[in-house]
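Take a look at the structure set out below.
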There are 2 protein chains.
Amino acid sequence: MFSKSCEYGIRAVIYIVSASKNGERVGIGEICQNIDAPEHFTAKILQILTRNRIVSSQKGVHGGFYLDDYQKGLALIEVVTAIDGKTLFTGCGLGLKQCSETNPCPIHSKFKSIRNDIKKMLEQTTIEELGNSIKKGKSVLKTLKI
Amino acid sequence: MFSKSCEYGIRAVIYIVSASKNGERVGIGEICQNIDAPEHFTAKILQILTRNRIVSSQKGVHGGFYLDDYQKGLALIEVVTAIDGKTLFTGCGLGLKQCSETNPCPIHSKFKSIRNDIKKMLEQTTIEELGNSIKKGKSVLKTLKI
DNA sequence: TAAATAAAAGACAAATTTATCCTTTATACA
DNA sequence: TGTATAAAGGATAAATTTGTCTTTTATTTA
Ligand code: FES
Ligand code: FES
């Protein structure tokens with residue numbers, strides 16, 4: 001469904017929101033320990049997200065990553081499109097060069113419906129909402145014991 | 001969503017069903033021309049499908065690929081699982097080592113619902129049905145003009 | 001101002017997926 | 001029986017994704 005990059009990116013932003021109480025910044029080391037992701041690789045993904053103003057960052061002592069109030073309210077689809085692009089929402093399920101209403105592939109109508117459900121779900125889910133779920137202990141960002 | 005291998009595989013079986021009138025066999029060259037896929041690569045995918053008894057093949061003169069009546073009635077999910085495995089239907093949307101009801105990721109319940117919709121759709125769609133759509137000219141297996 | 005810190009950025013490496021080429025095996029048919 | 005044909009299979013290569021390591025830049029604080 002999502003690329004590894006995207007999975008790490010989503011988990012990272014959720015962790016940041018869940019961990020940064022009152023504007024505190026979270027370092028890449030702490031993030032990656034808590035989401036069980038490779039550090040340097042995830043750092044690059046967070047670079048993409050900061051360039052796209054989906055997360056904020058601060059260099060130097062007491063620096064790290066955080067989300068401002070506007071960013072917390074962003075929907076998950078912003079994270080996904082920044083990392084994986086829009087192919088999941090616009091591309092043909094059978095890999096035709098373009099999804100077309102006039103020359104559809106055989107699964108077009110069924111696939112389109114699912115594609116739209118995914119899009120809706122990602123549009124309706126905010127980063128903050130998922131962060132709260134983690135804060136309350138209702139969900140996790142890494143498998144506990146191996 | 002699906003891997004390239006799976007996209008080619010699905011398009012190939014649909015083409016075979018749509019093109020082989022009364023048990024006629026279809027060669028790999030003809031298949032790949034009509035679904036716009038790389039020949040040797042697609043041949044290997046069809047090998048996987050024949051090993052899994054999802055398509056039939058015949059070597060030698062007048063050989064090629066075809067589907068018997070039982071195979072035509074198979075659902076698309078058989079093709080997908082043979083090529084891409086079951087990860088799409090069982091794996092965690094955020095890439096956790098395992099999807100768990102007791103220790104869910106933050107999007108588990110929303111993702112599970114979509115995952116099940118995809119599964120249902122693939123279970124309810126038969127190869128033959130999609131082949132008929134092609135036969136009737138209601139859909140296509142490759143983008144017409146580039 | 002200098003040292004310490006942490007993200008940004010660049011270069012490189014491993015792993016996986018996708019794609020190509022060549023040889024072998026099975027089958028039909030002359 | 002021998003030849004042509006087409007799938008099966010093996011080896012290799014290109015491309016992409018994923019992961020690691022090192023250097024640079026910006027910022028804080030002593
Ligand atoms: S043409 Fe294939 S999904 Fe629209
Ligand atoms: S735990 Fe992530 S989808 Fe179930």
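Residue numbers start from 1 in every chain, and the chains themselves are labelled A, B, ... in the order their sequence lines are given, proteins ahead of strands. Here the structure is a predicted model, which is why all the values come from computation and not from measurement.
Between B:Val55 and B:Val13, the shortest heavy-atom contact is CG1-CG1, 3.5 Å. Closest of all the heavy-atom pairs between A:Thr126 and A:Gly73 is CG2-O, 3.6 Å.
Comparing D:dT18, C:dA28, C:dA7 by their nearest atom to the side chain of A:Ser3 picks out D:dT18. The nucleotide whose nearest atom lies closest to any side-chain atom of B:Lys44 is, among D:dC21, D:dG9, D:dA8, D:dG9. When each of C:dA8, C:dT20, D:dT20 is scored by its nearest atom to the side-chain atoms of A:Pro38, the top-ranked nucleotide is D:dT20. In the set C:dA19, D:dA7, C:dA8, the nucleotide with an atom closest to the side chain of B:Phe41 is C:dA19. With D:dA7, D:dT27, D:dC21 as the choices, the nucleotide that has an atom nearest any side-chain atom of B:Ile28 turns out to be D:dA7. Looking at the side chain of A:Lys4, the nearest of the listed nucleotides C:dA7, C:dT20, D:dT18 is D:dT18.
Looking at heavy-atom distances under 4.0 Å, B:Gln58 makes contact with sugar-phosphate atoms alone, never a base. Residue A:Val55 is classed as having no contact, given no heavy-atom separation below 4.0 Å to the nucleic acid.
The shortest distance between the side-chain N/O atoms of A:Tyr8 and the OP1/OP2 oxygens of D:dG19 is below 4.0 Å. Look at B:Gln47 and you'll find a side-chain N or O under 4.0 angstrom from OP1 or OP2 of D:dG9. Residue B:Thr50 places at least one side-chain N or O under 4.0 Å from the OP1 or OP2 atom of D:dA8. Note on B:Ser5: a side-chain N or O is less than 4.0 Å away from OP1 or OP2 of C:dT18. Here A:Ser57 reaches the OP1 or OP2 of C:dA8: one of its side-chain N or O atoms lies under 4.0 Å away.
Here D:dA7 presents its P atom at 18 Å from CD1 of B:Ile54, a figure rounded to the nearest Å. Following rounding to the nearest Å, A:Glu39 (CD) and D:dT18 (C1') show an atom-to-atom distance of 16 Å. If you measure from atom NE2 of B:His40 to atom P of C:dC22, you get 9 Å, rounded to the nearest angstrom. As a whole-Å value, the separation of B:Ile45 CD1 from D:dA7 C1' is 15 Å. Between the CG atom of A:Leu46 and the P atom of C:dA6 there is a distance of 16 Å, rounded to whole Å. Between the CD1 atom of A:Ile31 and the P atom of C:dA8 there is a distance of 10 Å, rounded to whole Å. Summarising the geometry, the separation between CD1 on B:Ile48 and C1' on D:dG10 is reported as 14 Å, rounded to the nearest angstrom. Here D:dT5 presents its C1' atom at 15 Å from CD of B:Glu30, a figure rounded to the nearest Å.
Tested against B:Phe89, the residues B:Asp84, B:Leu122, B:Asn116 include a single side chain to side chain contact (heavy atoms under 4.5 Å, CB included) partner, B:Leu122.
With DNA chain C read from its 5' end, the first of the two nearest nucleotides for A:Arg51 and A:His62 is the one closest to A:His62.
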Query raised in the report: Could you go step by step and tell me if B:Glu101 and B:Lys112 meet the side chain to side chain contact (heavy atoms under 4.5 Å, CB included) rule?
Result: CA-CA 10 Å; B:Glu101 212 66 54; B:Lys112 190 180 164 190; 3.1 Å; yes
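The overall bend of the helix from C:dT1-D:dA30 to C:dA30-D:dT1, read as the angle between its terminal helix axes built from five base pairs each, is 0° when rounded to 10 degrees.
Around atom NZ of B:Lys135, more than 12 heavy atoms belonging to other residues, nucleotides or ligands sit under 6.0 Å away. Counting heavy-atom neighbours within 6.0 Å of A:Lys142 NZ, excluding the residue itself, gives a total above 12.
One N or O on the side chain of A:Thr143 and one on the backbone of B:Lys97 form a donor-acceptor pair closer than 3.5 Å.
Salt bridge status for A:Glu7 with A:Lys4: present, with a side-chain N to carboxylate O gap under 4.0 Å.
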